[in-house]
Undergrad: 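Structure provided below as structure tokens; questions to follow.
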Amino acid sequence: MSAALPSLLAWLAVLLLGRAARPADACSCSPVHPQQAFCNADLVIRAKAVSGKEVDSGNDVYGNPIKRIQYEIKQIKMFKGPDKDIELIYTAPSSAVCGVSLDTGGKKEYLIAGKSEGNGKMHITLCDFIVPWDSLSATQKKSLNQRYQMGCECKISRCPSIPCFVSSSDECLWTDWVTEKNINGRQAKHYACIKRSDGSCAWYRGVAPPKQEFLDIEDP
């Protein structure tokens, strides 16, 4: 028994050191094109936050209270979702766990995409598409009404480095990162990936309904 004690203590020391060496939990998100964010979301709205407070949202498996931030909002327009205004938005209490901080002065307007919680409530994280309304391009604002929805059957693949290629005809390559070192580049601001009559998908630029102004997928 006494001979096994040093080994046991050594094992415990390794275990504790391993735990101490783990990096702190942090929010990590994969970049997505605004159209992809729109298609992935249950709800997409234009809104202002008028108040915010920390609330309890039940308990975790250990019986500890789960804290969330509750924002009371004023919805201006719904682009995607049920025929019912969203009144409350919930998010995690800190950015480390993907919580979103909204200005509660009631003056700043946001485009907010997120998941539905039913009964006029939604949940958002830093991985959702949440941006000040004034930061959107004219094309992005127009695309929220119809064009993004038209491309939800298409696949937008981010190109992390050159070379990169499409794997199917219903795919659009998103190359902002390799061409501009910025995920909020030309394709994000001015293009939508639209499905054509033959079932293939291609980038389209403009605010008018798509006709023939498609971008060659190999030359974005």
Undergrad: Distance only, no hydrogens: is a donor on one side chain within 3.5 Å (strictly under) of an acceptor on the other, for Ser143 and Gln35?
TA: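 Distance-only check fails for Ser143 and Gln35.
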Undergrad: Test side-chain hydrogen bond (donor to acceptor under 3.5 Å, both in side chains) on Arg68 and His123 and set out the steps.
TA: CA-CA 10 Å; Arg68 292 201 296 177; His123 182 83; 3.2 Å; yes
Undergrad: Between atom CG of Asp85 and atom CD1 of Ile73, what is the distance when rounded to the nearest 0.5 Å?
TA: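 Spacing of CG (Asp85) from CD1 (Ile73) equals 8.5 Å.
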Undergrad: I'd like to know if the side chain of Asp128 reaches the main chain of Ala41, judged simply by a donor and an acceptor atom lying under 3.5 Å from each other, with no hydrogens or angles considered.
TA: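 No: the side chain of Asp128 does not pair with the backbone of Ala41.
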Undergrad: In a single word, yes or no, tell whether Cys98 and Cys29 have an SG-SG distance below 2.5 angstrom.
TA: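 In this structure, Cys98 and Cys29 share no disulfide.
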Undergrad: More than 12 heavy atoms of other residues, nucleotides or ligands under 6.0 Å from CH2 of Trp177: is that the case?
TA: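 Atom CH2 in Trp177 is not packed in, count stays at 12 or less.
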Undergrad: Without swapping roles, check the side chain of Tyr110 against the backbone of Asp103 for a donor-acceptor pair under 3.5 Å.
TA: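 Side chain of Tyr110 to backbone of Asp103, a donor-acceptor pair under 3.5 Å: yes, one is there.
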Undergrad: Could you state the interatomic distance from CD1 (Ile45) to CD1 (Ile76), rounded to the nearest 0.5 Å?
TA: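 Reported value, rounded in 0.5 Å steps: 9.0 Å.
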Undergrad: Roughly how far apart are Ser116 OG and Ile86 CD1, rounded to 0.5 Å?
TA: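 It is 6.0 Å, given to the nearest 0.5 Å.
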Undergrad: Check Ile183 against Asp176 and note the closest heavy-atom contact, atom names and distance.
TA: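 In terms of heavy atoms, the two residues are closest at O-OD2, 3.9 Å.
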Undergrad: Dump the intermediate steps for side chain to side chain contact (heavy atoms under 4.5 Å, CB included) on Thr91 and Thr125, then the final yes or no.
TA: CA-CA 6 Å; Thr91 191; Thr125 74; 5.5 Å; no
Undergrad: Apply side chain to side chain contact (heavy atoms under 4.5 Å, CB included) to Cys201 and Ser169, showing your working.
TA: CA-CA 6 Å; Cys201 295; Ser169 62; over 6 Å; no
Undergrad: Just wondering, are more than 12 heavy atoms of other shown residues or ligands nearer than 6.0 Å to CD in Gln146?
TA: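 Open: at most 12 neighbouring heavy atoms sit under 6.0 Å from CD of Gln146.
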Undergrad: Report yes if some heavy atom in the side chain of Cys27 is under 4.5 Å from a heavy atom in the side chain of Cys127; otherwise report no.
TA: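 Yes, their side chains come closer than 4.5 Å.
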Undergrad: List the atom of Ala113, the atom of Met122, and the distance in Å for their closest heavy-atom pair.
TA: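 Answer, listing the atom of Ala113 first, then Met122: C-CE, 4.0 Å.
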Undergrad: Go through it in stages, so that I can follow the logic: the residues are Ile130 and Ile124, the test is side chain to side chain contact (heavy atoms under 4.5 Å, CB included), and I'd like the CA-CA distance, side-chain angles, deciding distance and then a yes or no.
TA: CA-CA 8 Å; Ile130 300 156; Ile124 60 175; 3.6 Å; yes
Undergrad: Identify whether Val131 and Val44 are in the same connected component of the hydrophobic contact network (ILVMFWY, side-chain heavy atoms under 4.5 Å).
TA: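 Yes.
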Undergrad: Provide the closest heavy-atom pair for Trp133 versus Phe79 in the form atom of the first, atom of the second, distance.
TA: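 In terms of heavy atoms, the two residues are closest at CH2-CZ, 3.7 Å.
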Undergrad: Counting N and O atoms only, with roles assigned by atom type, does the side chain of Gln36 sit under 3.5 Å from a partner on the main chain of Pro31, one being a donor and the other an acceptor?
TA: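 No; zero donor-acceptor contacts below 3.5 Å.
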Undergrad: Rounded to the nearest 0.5 Å, what separation is found between the CD atom of Glu72 and the CG atom of Leu102?
TA: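 That separation rounds to 13.0 Å.
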Undergrad: What distance do Lys142 atom NZ and Gln140 atom CD have between them, rounded to the nearest 0.5 Å?
TA: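 Here the interatomic distance stands at 14.0 Å.
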Undergrad: Answer whether the closest heavy-atom distance between the side chains of Tyr90 and Val55 falls below 4.5 Å.
TA: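 Heavy-atom side-chain distance check passes, below 4.5 Å.
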Undergrad: Could you tell me which non-hydrogen atom of Cys159 sits nearest to which non-hydrogen atom of Thr175, and how far apart they are?
TA: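 Looking at all heavy atoms of both residues, the closest pair is CB-CG2, 3.9 Å.
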Undergrad: Kindly indicate whether the side chain of Glu153, heavy atoms from C-beta on, has any atom under 4.5 Å from the side chain of Asp170.
TA: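 No, their side chains stay 4.5 Å or more apart.
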Undergrad: Decide, yes or no, whether a salt bridge links Glu109 with Arg46 under the criterion of side-chain N to carboxylate O below 4.0 Å.
TA: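 Here Glu109 pairs with Arg46 in a salt bridge, since their nearest N and O are under 4.0 Å apart.
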Undergrad: What heavy-atom pair brings Tyr71 and Ala49 nearest, and what distance separates the two atoms?
TA: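 What the structure gives for the nearest pair is CD2-CB, 4.3 Å.
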Undergrad: Any sub-3.5 Å donor-acceptor pair from Glu87's side-chain atoms to Lys121's backbone N or O?
TA: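 Absent.
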Undergrad: Give a yes or no on whether Lys141 atom NZ has more than 12 heavy-atom contacts from other residues, nucleotides or ligands under 6.0 Å away.
TA: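 Atom NZ in Lys141 is packed in, count exceeds 12.
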Undergrad: Of all heavy-atom pairs between Ala47 and Ile112, which one has the smallest distance, and what is that distance?
TA: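 Answer, listing the atom of Ala47 first, then Ile112: CB-CD1, 4.3 Å.
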Undergrad: Is the distance between the ring centroids of His190 and Trp203 less than 6.0 Å?
TA: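 Not close enough - the centres of the two rings lie 6.0 Å or further apart.
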Undergrad: Taking Gln187 for its side chain and Leu173 for its backbone only, find out whether a donor-acceptor pair lies under 3.5 Å.
TA: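 Checked: pair present.
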Undergrad: If hydrophobic clusters are built by linking Ile, Leu, Val, Met, Phe, Trp and Tyr wherever their side-chain heavy atoms come under 4.5 Å apart, do Ile69 and Leu126 end up in the same one?
TA: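 Yes; Leu126 is reachable from Ile69 via cluster members.
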Undergrad: Could you measure the distance from the NZ atom of Lys74 to the OG atom of Ser51? Nearest 0.5 Å is fine.
TA: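 If we round to the nearest 0.5 Å, Lys74:NZ and Ser51:OG are 13.5 Å apart.
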Undergrad: Do Glu171 side-chain atoms and Val166 backbone N/O form a donor-acceptor pair below 3.5 Å?
TA: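 No; judged by distance alone, with no hydrogens or angles, the pair does not exist.
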Undergrad: So with a 6.0 Å cut-off around CG of Asp198, is the heavy-atom count from everything else above 12?
TA: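 Above 12, so yes.
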Undergrad: Sub-3.5 Å donor-acceptor pair from the side chain of His33 to the main-chain atoms of Cys193, do we have one?
TA: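 Judged by distance alone, no pair lies under 3.5 Å.
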Undergrad: Without swapping roles, check the side chain of Asn40 against the backbone of Ala37 for a donor-acceptor pair under 3.5 Å.
TA: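 Flag not set: sc Asn40 to bb Ala37 has no pair under 3.5 Å.
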Undergrad: Taking Cys172 and Cys154, which are both Cys, do their SG atoms fall under 2.5 Å of each other?
TA: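 Between Cys154 and Cys172 there is no disulfide, given that their SG atoms are not under 2.5 Å apart.
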Undergrad: Taking the cut-offs as 6.0 angstrom to the six-membered ring centre and 45 degrees off its axis, would you call Lys80 and Phe38 a cation-pi pair?
TA: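 Judged by the rule, Lys80 and Phe38 form a cation-pi pair.
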